[in-house]
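What follows is a short report on a single structure.
In the text below, chain A, chain B and the rest are named by the order of the sequence lines, each starting its count at 1.
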Amino acid sequence: MTVAAHPATTPADPAGPARMAGPGGLAELYAEIQQFYARQMRLLDDGEAEAWAETFAEDGVFAANAHPEPFTGRAAIAAGARRATDDFAARGIRRRHWLGMLSLEPKDEHTVLVRSYAQVIETPRAGQPVLRASTGCADLLVRRDGRWLVLDRRIHRDDLG
Amino acid sequence: MTVAAHPATTPADPAGPARMAGPGGLAELYAEIQQFYARQMRLLDDGEAEAWAETFAEDGVFAANAHPEPFTGRAAIAAGARRATDDFAARGIRRRHWLGMLSLEPKDEHTVLVRSYAQVIETPRAGQPVLRASTGCADLLVRRDGRWLVLDRRIHRDDLG
Amino acid sequence: MTVAAHPATTPADPAGPARMAGPGGLAELYAEIQQFYARQMRLLDDGEAEAWAETFAEDGVFAANAHPEPFTGRAAIAAGARRATDDFAARGIRRRHWLGMLSLEPKDEHTVLVRSYAQVIETPRAGQPVLRASTGCADLLVRRDGRWLVLDRRIHRDDLG
């Protein structure tokens, strides 16, 4: 997957990822991030587009090689997700976004670059599930007021080269 | 996924999930639960129906929207799994149950509600793997004598609406 | 999945896995291993065959029921991966290896047996993703100079019985 470098991804601490991961170490960070994604994806798959958009920073960006332009800001991200979820609901299709193969690069105690793989599975009512998309995802997450938020998401769908 | 609320899911401790997760924190709980599911699913996929049923509480329940009635108690759960595993073995089909996107809600130090996604992959001998089912899973896990057990499992297959 | 026993898998410490997992406990080990696999698979999927081979021990072994003979040693492992990645690149196919359902059995502080499931997803340019293979994987990992390396990998593709 080719994803342009995030602006905030220069290593910031010579003590390295373990220290940057915070007092809980890599394990605590891993658990928090996995929990974050599980809840985030469930919101989208349950059609809760606005609550899903709340997991992005107010000034967050969602860019994908499947879209001509990135969505910028929570309101735009929510509106885009709302259109998609309403469309799938109208067609009777249940979606599930699986994120896996997480690789974490902490930048400081409140910023982490997460590279991952994602599968999108669609199941029509009374039909067979279909693996619709295989993608790579690069997220810059920030912790604000104790909550992780997506500051910048870049999705690369494999079929689009 | 629509899963009726579990009876024991009322938040029980105002100190919140971190404290309820026990001395090891969220990370230790996450690792234990992931390990539990990896071993549990492998038992089923290896055809060890009775050993798999031992990962349920003696009074455990297995309910699924694909079955008209829940299985209640280890013996019934084991018998149901035995019939299914024997049938797949007779047809030369290898199954793998993937669980992912785990979201943990600790209720107390010995009880945790786990919501997850599951894929069922079937591979016939000399054939191509097929994604047979996409599902949501809600488990109420209890720790008894140091071991995690499923007290109540609810499976929602996406194609069944 | 049937995998012949690894020679070094006899339980070595009566204090059990928690102690053998090292000072960080199971959680820290789990996070390290997940991170290891995420990076390892990404190298292969990005076509970095030689860098991927560096994640094996110098004397590492890669055996699979899809190959008549195991690859032994980093150079042979790299050469095999190079041929495969070049072939997929020439055909315009993007691969992703998903590893999941990790079950860890620490042998000592520097050796762990990891059993897992793996999916291989292939996406042709402008085409639909295909679940090409469902497999079981058993890895004997060793920590040398602070880095995890694969000493012995055994892959069992489900369609090959």
(request) Could you pull out all residues at least two apart from C/F56 that satisfy ring-ring contact (aromatic ring centres under 6.0 Å, His included)? (result) C/W52
From [X] atom [atom1] to [Y] atom [atom2], the distance as rounded to the nearest 0.5 Å:
| X | Y | atom1 | atom2 | value |
| --- | --- | --- | --- | --- |
| B/Y30 | C/Y30 | OH | OH | 12.0 Å |
| B/T123 | C/L131 | OG1 | CG | 7.0 Å |
| C/L102 | B/Q34 | CG | CD | 8.0 Å |

Measure across [X] and [Y] and return the closest heavy-atom pair with its distance rounded to 0.1 Å.
| X | Y | value |
| --- | --- | --- |
| B/A31 | C/A27 | CB-CA, 3.7 Å |
| B/R96 | C/S134 | CD-OG, 3.5 Å |
| C/E105 | B/R39 | CG-NH2, 4.1 Å |
| C/Q119 | B/I121 | NE2-CD1, 3.3 Å |
| B/R94 | C/D158 | CG-CG, 3.6 Å |

(request) Determine which residues belonging to residues 62-69 of chain B lie within contact range of chain C, meaning some heavy atom pair is under 4.5 Å apart, and list them by number or answer 'none'. (result) none
(message) Which one wins on heavy-atom pair count under 4.5 Å against chain C: B/E32, B/Q128, B/M41?
(response) B/Q128
(request) If a pair satisfies salt bridge (charged side-chain N to carboxylate O under 4.0 Å, His left out) and one of its residues is in residues 124-136 of chain B, list it, with sequence neighbours excluded. (result) B/E122-B/R132
(request) Under the side chain to side chain contact (heavy atoms under 4.5 Å, CB included) rule, collect the residues that match up with B/A51, sequence neighbours excluded. (result) B/L43, B/E48
(message) Run the side-chain contact (heavy atoms from CB on, under 4.5 Å) test on C/Y117 and B/R42 for me, step by step, so that the C-alpha distance in whole Å, both residues' side-chain angles and the decisive distance to 0.1 Å come before the verdict.
(response) CA-CA 9 Å; C/Y117 290 1; B/R42 177 178 300 275; 3.7 Å; yes
